[in-house]
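Written out below as structure tokens is the structure these notes cover.
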Number of protein chains: 2
Amino acid sequence: MPADCAQRRGGGGCAHCAARPFSVCASVPDADLHRLDALAETVTLAPGQALFREGDPATHVFNVTSGSVRTYRLLADGRRHIAGFLFAGDFIGLDPAEAHSLSGEAIEATTVCRFRKVAYRALMAERRELEAALLARAGDELAAARRQMLLLARKTAIERVASFLLDLPGADPLRPGPAGLVRLPMTRSEMADYLGLTLETVSRTLTRLKRGGLIRQVSLTEMRVEKPDALRMLADGDA
Amino acid sequence: MPADCAQRRGGGGCAHCAARPFSVCASVPDADLHRLDALAETVTLAPGQALFREGDPATHVFNVTSGSVRTYRLLADGRRHIAGFLFAGDFIGLDPAEAHSLSGEAIEATTVCRFRKVAYRALMAERRELEAALLARAGDELAAARRQMLLLARKTAIERVASFLLDLPGADPLRPGPAGLVRLPMTRSEMADYLGLTLETVSRTLTRLKRGGLIRQVSLTEMRVEKPDALRMLADGDA
DNA sequence: CGGTGCGTTTGATCTGGATCAAGGCCGAGG
DNA sequence: CCTCGGCCTTGATCCAGATCAAACGCACCG
């Protein structure tokens with residue numbers, strides 16, 4: 001099996017897609033799902049495998065259907081900034097630019113659903129609710145970007161880590177799965193490059209939060225939020 | 001004259017709008033300009049005057065037509081993050097949320113062009129090129145937000161200030177006005193809150209750039225970029 | 001003109017988080 | 001079962017930028 005594993009799908013994939021309720025595809029009514037299905041390709045990624053690279057022509061848009069993806073940029077001397085972590089339901093491709101401004105790689109075993117950009121645009125021109133959904137997504141992403149800029153510009157290390165734990169899917173009690181259980185598939189170094197810190201500071205800060213009883217380490221890659229309110233106060237700087 | 005000065009416009013304002021070539025309105029063909037005109041209100045702001053406040057219902061979208069605006073958020077203990085500086089041609093209102101997540105204030109004497117959100121949406125539904133232009137804007141703004149996050153997460157003070165000077169309108173030789181002449185209507189403290197630094201560090205860093213001959217102070221609020229290439233290298237971390 | 005009040009610059013000192021440096025833990029592979 | 005290679009934690013030290021503290025410049029105004 002080749003490393004880069006993309007396949008046209010069998011029929012009806014979208015109807016059974018576990019990520020659809022969270023994704024932009026939710027705005028496509030069931031009756032029209034076959035239109036999406038006709039365009040969709042499923043891509044399977046091994047841990048560490050690249051989905052696209054900075055500078056590549058941006059020929060596709062993506063929906064993450066399982067696993068997780070990191071997007072990042074590098075400075076010339078190797079400093080890395082992780083722009084975001086993407087999980088099931090997240091959409092990549094709002095940027096209308098011709099070339100990717102970020103690289104994207106799987107963190108763990110991951111599947112994404114891929115559409116040719118031109119075909120997706122054509123569908124969008126026809127199904128206006130899809131365009132509206134995308135504009136709404138763009139607004140949400142912009143709001144998230146602003147929160148992250150506030151974090152990076154003005155929050156302390158402990159406030160950053162607290163914010164991060166609360167932003168990850170799983171921290172809020174609404175989602176499926178045991179409430180307050182946060183999965184951390186990324187390394188300390190990746191968290192650091194996302195939060196504008198070093199891996200040592202991230203590690204020390206998590207230790208501080210554990211010692212304070214705000215979180216508990218459940219396993220190597222899972223934390224339980226023990227005091228969500230206290231963590232929220234910390235995250236928001238309501239000292 | 002009341003402090004909050006908004007007026008329905010006389011006819012034909014949009015046709016003569018100096019900011020139109022730079023703004024989303026550029027995508028509305030001349031023949032349809034009367035539609036915009038019918039919706040537009042002009043607002044005049046004194047220095048420091050608020051345009052909207054965090055938490056206010058977001059009833060309008062705006063286009064800056066002259067002057068400059070700062071948008072910002074505060075943490076509970078007073079730490080401020082300036083999300084952006086907006087100049088002629090810039091659009092506010094991509095965020096589809098019902099309430100403003102930022103406050104916006106004039107930095108200097110400023111005029112903005114205001115549309116009721118519901119009316120603007122209605123126009124958008126009709127004139128699809130306006131929606132497309134807005135989606136493109138959203139993409140651009142997202143790309144800019146990512147660059148700013150990289151700056152905040154991983155760049156040094158001098159790299160941040162260099163990036164800032166180059167991002168301001170006027171730094172690039174394409175724009176009207178003398179090439180390389182950058183207007184800085186905002187205070188050092190505002191630059192600091194935008195760049196994640198303190199005002200002292202901004203001041204010292206500007207002094208360093210002056211001493212290095214990369215920029216020259218033309219007046220209290222104007223800098224001339226003397227070595228744009230060297231400044232660009234600094235800004236991009238191509239050490 | 002001589003205050004007076006911002007905003008800016010510059011200097012001295014401090015500190016949160018970076019950097020440098022060991023070990024520790026654990027899963028994979030021999 | 002041991003060893004190897006990642007990743008993580010913890011400790012010691014360092015330093016870029018924060019904080020504290022004066023002046024300085026300049027527009028505004030009585």
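So that the names make sense, note that chain A is the first sequence line, chain B the second, and so on, each numbered from 1.
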* Could you tell me whether the phosphate oxygens of D/dT9, OP1 or OP2, come under 4.0 Å of any side-chain nitrogen or oxygen in A/Ser203? => yes

* Rounded to the nearest angstrom, tell me the gap between atom CG in B/Leu195 and atom C1' in D/dA18. => 15 Å

* Asked: Side-chain N or O of A/Thr207 less than 4.0 angstrom from OP1 or OP2 on D/dT9?
  -> no

* Thinking salt bridges, do A/Arg154 and A/Glu159 make one under a 4.0 Å N-O criterion? -> no

* How about A/Phe85 and A/Tyr194: are their ring centres within less than 6.0 Å of each other? -> yes

* Asked: Salt bridge check: are B/Arg70 and B/Glu108 linked by an N-O gap of less than 4.0 Å?
  -> no

* Structure fact -> Winner on side-chain proximity to B/Arg188, out of D/dG17, C/dA18, C/dT8, is C/dT8

* Rounding to a whole Å, what distance do you find between B/Leu220:CG and C/dG7:P? -> 11 Å

* Would you indicate what B/Thr198 reaches in the nucleic acid, counting non-hydrogen atoms under 4.0 angstrom: base, sugar-phosphate, or nothing? => base

* Asked: How many Å lie between CG on A/Asp77 and P on C/dT19, as a whole number?
  -> 11 Å

* Going by modelled atom types, is there a donor-acceptor pair between the base of C/dG16 and the side chain of A/Arg204 at under 3.5 Å? -> no

* **A/Arg79/A/Asp193 ion pair, N-O < 4.0 Å** => no

* Structure fact -> When rounded to whole Å, the CG to C1' distance for the pair A/Leu152 and C/dG17 reads 15 Å

* Look at the side chain of B/Glu200 and the base of D/dC20, then say whether one donor and one acceptor between them are separated by less than 3.5 Å. => yes

* Asked: Taking NZ, NE, NH1 and NH2 as the nitrogens, is one of them in A/Arg146 or B/Glu141 under 4.0 Å from a carboxylate oxygen of the other?
  -> yes

* Asked: To the nearest angstrom, how far is A/Met191 atom CE from D/dT9 atom P?
  -> 8 Å

* When the distance from CG of A/Asp193 to P of C/dA18 is rounded to whole Å, what number comes out? -> 11 Å

* Asked: Between B/Gln217 and A/Lys155, which is nearer to the 5' end of DNA chain C once each is assigned its nearest nucleotide?
  -> B/Gln217

* To do: Return the value, rounded to whole Å, for the distance between atom CZ of B/Arg208 and atom C1' of C/dT8.
  => 18 Å

* To do: Figure out the CG/P separation between A/Leu199 and C/dG23, and round it to whole Å.
  => 18 Å

* What about A/Glu190, does its side chain sit under 3.5 Å from the base of D/dC7 through a donor-acceptor pair? -> no

* Any idea which of C/dT9, C/dG7, D/dC8 is nearest the A/Thr187 side chain? -> D/dC8

* To do: Using heavy atoms to find the nearest nucleotide of DNA chain D for A/Lys210 and B/Ile158 separately, return the residue whose nucleotide is more 5′.
  => A/Lys210

* Asked: If you look at every strand shown and take non-hydrogen atoms under 4.0 Å, does B/Leu197 touch a base, only sugar-phosphate, or nothing?
  -> sugar-phosphate

